[in-house]
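Down below is the structure, laid out as structure tokens.
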Amino acid sequence: MRGLNPEQYAAATHTDGPLLVLAGAGTGKTRVLVHRIAHLVECRAEPWTVLAVTFTKKAADEMRHRLRGLLGSAADAMWIGTFHATCARLLRRWPERVGLTKHFAIFDDDDQMKLIGRLVKEAKIEEYVTPRTILTRIDRAKNRGVDPGKEEIGVYTDEHVALIYPKYQAQLEKENAVDFNDILLKTIKLADDEQVGARIRTMFRHVLVDEFQDTNKVQYDLVRRFADASRNLTVVGDDDQAIYGWRGANPRNLLDFDRDYPDAKVVKLEQNYRSTQVVLDAANAVISHNQDRRGKSLWTEAQGGDLIEQFVAGDERGEAYFIASGIRRMLDEGPYSPSDFAVLYRTNAQSRVLEEHMRACRVPAKVIGAVSFFERKEVKDVIAYLRLLANSASDSAFDRIVNVPARGIGEATVERLRAAARADGSSTMAAARAAVRGEVSGLGAGPRKKLAVFVDVMDGLASVVAAGASVAEIIIQVVERSGLRAKLEAEDTEESRDRLSNLAELVTTASDFDDERANGSGAAMFGAFHDEEVEPAPAMAIPQTAAPDGEPSEADVDGDGGAAALRAADQEPDAMVPATIDEFLERIALASVADQAAGTDFVTLMTVHIAKGLEYPVVYVAGLEDGLFPSLREREEQSQDAQLEEERRLAYVAFTRAKHRLTLTWARTRRVWGDIRFQMPSRFLDDVPPHCLAGGKLGSAVRAPIPSAAAPYGYDDPWQDVAAAPAYPARAPARSGGYANTAGATAPTPVHVRKPRTPAFSNSRDEFDQRSFDDHEPVFDVDADGAGAHRKGRMGAGFATGTRVSHAAFGVGRVLGNMGEGADQKTLVDFASVGTKTVLSRFLQAQS
DNA sequence: GTCGTCCCGGGTTCC
DNA sequence: CCGGGACGAC
């Protein structure tokens, strides 16, 4: 408890009952949470009765990591997880209570859109609504715990949603799947269940929730249930950082917490330990314009500080160049390393030009978010194979991959299968099998043969799974047997090589997962750094593994076994599908962009949303333009004012990420979807007090009204303003934006942005480092013709340099060298298809 | 049924 | 400006 200020101490050592911690940015919120948990474990509660809930896995990981510093391995005994991961685990424990089976799948946005798209088409209403609209409405209703089919908009219910939603939900049910909202909703149902509800509501004696301002109604309802018995509910948040209104978050949950819990102790944390006074003044000035806030003001002992730089560029490339070259210079001159910098922006679309200029200026940078790895087409395809393997009822997975890679099975065939499946209430996969046996009418010999090929592929893969292959091995086999590898290799384009290497990356991910699972318990899902077996304290009976007969004894997990009971959820063996596939799929579905490691050697480029909770010595906020930041799009569910207030909070979050230096930039013109927009400075720039700014006020007298149909750019005559701007014919990287307040903008040497032939930094993680698999024998020889047929007993010898070898995923290549020995021995191979890779030797076969 | 070309539209933000 | 869907040619 050392080093806490009085308020922090009061929060950390609060005894029992509800506690509300209103914590401003940079006030040591996480620190207090961690100390509070440590305090609880040391004096008030057994660790496994503590539940800490976060929004992102990264936040959970961070918390566990810090807790380990205080508590050691006891930190592993408690339950620290995201809302969704926690709930998913509860559902896996008692799936049948809410109409699921243990192997339920999680539908992501893509799956939802595809399904709704199909339903919209079938209902022939595609001229009236887009699937996106329907999905948004469904999500919005579910966020609020309302039945989407019955939600009233104005005085009437949305007929299209009312038509589609029941079909949508029915299909989910049929596929044994849930969407993100269902995960939470069904968990609430579980907590209200007469059989198991009481257990869930008494599982935890202390419940702590981080970023409470971001909870929506359903999440709040859920948390209240978790804390139902004990009332030991600690919520921590900052109403000024409520930036998820668009996904149903309700800051009133935080603001009115002491109305629901009148006996709640309230602690305010206002001393900021992160930023300089200058940065705080700017942030406070912006947020002070908001009406609807609980009101607290941050202060710091770090008086003064570097003034805030501002820069206005001619266009987005000038802006990007200014930022990239500025960082380059600081790296060259200063005591800075790349990880000291973050560039924040409002929308992902801004990332690209920034990334390009970073590259051109040889600044190692990484974009977080945008198209997440798991959203790549080829990755999703392989995942769909896994999903279909794990659950043959998954029509959505079937749809996705029957014909990927193309094997001549077209829409007409699939539609017949669908009809057949509908007729006898089975899945399309089952119908495909029936068709191969000739039991589906209307299918000729041709389609039948092609379906047989597909069914064979799936059966072959099933035997790989049944033989006990690890997830990484299964994925390698999927890539091979599906023909994906062959197809991508045949294409042999830059893109196809890229895709192959993404698949290799997927194998690496799976392999990490296998490792974790091999040496951890089910808790590996939650703990970030789960390197060792969870140590139960001697006196406690935490069932870490299933009893010999495979069933964890109910008596053991009953009562106070909170975290342990959850961990036990995945320990029950299943005849056909190992829980590992489910677990892997779940992890992927619940992975978030924020979880992508902000590398230690990179400048981080990300949206403001993702940056919440992070801090950097030097921060650039780009694109401070009216209409972009604040975004002024019309949205149906929020008033203009409410929206603007949220944007303001977003700016507040952005500014307060900076520890020492903050630079605000905007561009007078910006390309949006190909055409050039003329931009006005953000109104938030006006709010920054002049005394904080290097060079005084920005030339920002012109205020853009909210865009309208008559003035789509927000003002009447865009050209009028351009006349004042520097001539702008050649869209070359802008030198400076024209206005003079550009301290530090020394005239740069013109740099032509082009893709460098060799990247300045290499993403040098070995893309095909499969690392240690389980120590069992490789399983590739499950059938004679297995393309990955693996020769046993040839370990440790390695391959002579120059030997031609083949690999299930990468094809043929030439050996460059060996390293390591035994099962871990690796070989460096120059593959024809994907270039040089390090692979485990036992996955190679010598070519004669 | 596949593959190429053209056209249209893109929800900002995420678990 | 991109990518996905629609449509037409093999």
Side-chain angles (χ1 to χ4, degrees), chain A residues 53-60 81-88 106-110 112-114 117 121 126 130-137 139-140 142-143 178-184 211 214-216 218-219 242-249 316 344-353 368-372 374-375 377 403 405-414 444 446-447 450 495 586-596 606-612 623 627-638 643 646-647 649-650 653-654 670-676:
Chain A
V53 191
T54 62
F55 277 83
T56 65
K57 180 163 170 290
K58 192 173 181 179
T82 64
F83 274 98
H84 286 85
T86 304
C87 291
I106 298 169
F107 262 42
D108 64 12
D109 186 77
D110 208 56
Q112 299 179 77
M113 281 290 279
K114 282 209 159 105
K121 243 181 216 164
E126 68 261 47
T130 64
R132 172 59 67 188
T133 314
I134 303 264
L135 179 53
T136 304
R137 298 241 160 101
D139 272 343
R140 217 169 61 210
K142 281 187 171 180
N143 275 333
V178 293
D179 63 25
F180 283 120
N181 286 313
D182 286 344
I183 295 176
L184 306 185
E211 304 285 12
D214 290 335
T215 51
N216 62 30
V218 171
Q219 285 157 338
I243 56 174
Y244 286 106
W246 51 273
R247 70 173 194 214
E316 75 281 0
L344 311 183
Y345 38 82
R346 181 67 181 77
T347 70
N348 274 315
Q350 293 166 255
S351 65
R352 192 161 165 160
V353 69
I368 308 286
V371 205
S372 126
F374 295 117
E375 285 164 15
K377 183 187 177 303
N403 201 30
R407 40 175 88 88
I409 302 168
E411 193 45 41
T413 306
V414 175
K450 286 165 179 162
E495 192 196 340
E586 177 177 307
R587 165 175 302 204
I588 285 175
L590 299 180
S592 80
V593 290
D595 299 333
Q596 294 174 33
M606 63 194 148
T607 63
V608 181
H609 282 91
I610 292 172
K612 189 163 72 153
L628 180 63
F629 194 179
S631 159
L632 297 168
R633 304 175 59 97
E634 290 195 35
R635 291 172 52 215
E636 35 186 308
E637 71 264 45
Q638 265 183 334
Q643 247 182 94
E646 182 152 319
E647 295 291 321
R649 292 191 291 268
L650 212 40
V653 169
R670 183 174 296 274
R671 255 200 136 93
V672 183
W673 287 337
D675 51 33
I676 296 171

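This is a predicted model, so every value here is computed, not measured. Sequence lines set the chain letters: A, B, ... in the order given, protein chains first and strands last, and positions in each chain run from 1.
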Hey, does [X] reach any base, or is it just sugar-phosphate, or nothing, if we go heavy atoms under 4.0 Å?
X        : answer
A:Thr607 : sugar-phosphate
A:Asp109 : nothing
A:Ile409 : sugar-phosphate
A:Phe180 : base
A:Ala349 : nothing

(message) Does B:dT2 have its OP1 or OP2 closer than 4.0 Å to a side-chain nitrogen or oxygen of A:Asn403?
(response) yes
Return the value, rounded to whole Å, for the distance between atom [atom1] of [X] and atom [atom2] of [N].
X        : N      : atom1 : atom2 : value
A:Phe55  : B:dT13 : CZ    : P     : 19 Å
A:Lys612 : B:dT13 : NZ    : C1'   : 12 Å
A:Asp139 : B:dG11 : CG    : P     : 14 Å
A:Asp675 : B:dC8  : CG    : P     : 16 Å
A:Leu632 : B:dT12 : CG    : P     : 12 Å

Counting only N and O atoms by type, is there a donor-acceptor contact under 3.5 Å from the side chain of [X] to the main-chain atoms of [Y]?
X        : Y        : value
A:Glu316 : A:Arg671 : yes
A:Asp214 : A:Ala249 : no
A:Gln350 : A:Thr347 : yes
A:Asp179 : A:Asp108 : no

(message) Given A:Phe180, which partner from the list A:Asp109, A:Leu590, A:Asp139 fulfils the side-chain contact (heavy atoms from CB on, under 4.5 Å) test?
(response) A:Leu590
(request) Indicate the atoms forming the closest heavy-atom contact of A:Asn216 with A:Arg247, along with that distance. (result) ND2-O, 4.1 Å
Pull out every protein N or O sitting under 3.5 Å from an N or O of nucleotides 2-5 of chain C, one pair per line with the distance.
{"residue": "C:dC2", "atom": "OP1", "partner": "A:Arg352", "partner atom": "NH2", "Å": "3.3"}

(message) Given B:dG1, B:dC14, B:dC3, identify the nucleotide with an atom nearest to the side chain of A:Ala406.
(response) B:dC3
(message) Taking atom types as they are modelled, would you say the side chain of A:Arg247 forms a donor-acceptor pair with the base of B:dT13 within the 3.5 Å cutoff?
(response) no
(message) Within the 4.5 Å heavy-atom criterion, are A:Trp246 and A:Ile243 side-chain neighbours or not?
(response) no
(request) Please indicate yes or no: is the ring centre of A:Trp246 less than 5.5 Å from the centre of the six-membered base ring of B:dT13, with the two planes inclined by under 30 degrees? (result) yes
